[in-house]
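Worth knowing before you read on, the calculation uses all heavy atoms, side chains too, and leaves out hydrogens, waters and symmetry mates. Note that the structure is a prediction, hence the values are computed from the model and not measured.
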Amino acid sequence: MKYINKNDERFNEILDKLQKHYFHNGGDPDAEVIINWNKREVKEKGWVSFYGTNSAIAQAIKRCRSGIEAVSYNDSGAELYFNVKYVRPMHTVLKVKK
């Protein structure tokens, strides 16, 4: 995977490219989105990573570009590293059912 940090001059260009590539991309039947909330990474690097192979990548870039610290990508998917301050706690993604 190619890794690009926020300080790299190509960073915004790469985000634009990934946003365009994954826009309206539902992915194949095995498409996935993985949220990696690793306590060590949160403590040491201050980020949470999101990996995706579909339009979730484009939406994440569109909704919170300023929170992205780094990105890694290859032909099959991309991983966005968000500053932990821009990420809600995990339990907020769950719907309350009675």
* Taking the inter-plane angle between the rings of Y3 and W47 on a 0 to 90° scale, is it parallel (under 30°), tilted (30 to 60°) or perpendicular (over 60°)? -> tilted
* To do: Using salt bridge (Lys or Arg N to Asp or Glu O under 4.0 Å) as the criterion, list what pairs up with R10, not counting sequence neighbours.
  => D8
* Asked: CZ of R65 to NZ of K6: how many Å apart, nearest 0.5 Å?
  -> 10.5 Å
* So, K2 and D75, do they make that salt bridge, N to O below 4.0 Å? -> no
* Asked: Which residue, I34, L80, I57, N36, forms the side-chain contact (heavy atoms from CB on, under 4.5 Å) with Y51?
  -> I34
* Asked: What about Y81 and Y22, same hydrophobic cluster or not, with Ile/Leu/Val/Met/Phe/Trp/Tyr joined at side-chain heavy-atom distances under 4.5 Å?
  -> no
* **Same apolar cluster (I L V M F W Y, side chains within < 4.5 Å links), I68/I35** => yes
* What is the distance from atom OG of S76 to atom CG of D28, rounded to the nearest 0.5 Å? -> 10.0 Å
* Nearest-0.5 Å distance, CZ of residue F11 to CD1 of residue I4 -> 9.0 Å
* So with a 6.0 Å cut-off around NZ of K20, is the heavy-atom count from everything else above 12? -> no
* Structure fact -> Output for pair (C64 SG, Q59 CD), nearest 0.5 Å, gives 12.5 Å
* **Minimum heavy-atom distance L15-I61, with the two atoms named** => O-CD1, 3.8 Å
* Asked: Where do M1 and A78 come nearest, in terms of heavy atoms and distance?
  -> CE-CA, 4.5 Å
* Residue pair Q19 / A58: nearest heavy atoms and the distance that separates them -> O-CB, 3.5 Å
* Asked: How about S49 and F82: do any of their side-chain heavy atoms sit closer than 4.5 Å?
  -> no
* To do: Answer yes or no: is there a donor N or O on one side and an acceptor on the other, between the side chain of K45 and the main chain of R40, under 3.5 Å?
  => no
* Are a donor atom and an acceptor atom from the side chains of T53 and E32 found within less than 3.5 Å of each other? -> no
* Asked: What are the two closest heavy atoms between G27 and A31, and how far apart are they?
  -> CA-CB, 3.9 Å
Solution key, residues 85-98 side-chain donor-acceptor pairs under 3.5 Å, sequence neighbours excluded:
unit_1	atom_1	unit_2	atom_2	d
T92	OG1	P89	O	2.7

* Structure fact -> CD (E79) and CG (N74) are apart, to the nearest 0.5 Å, by 10.0 Å
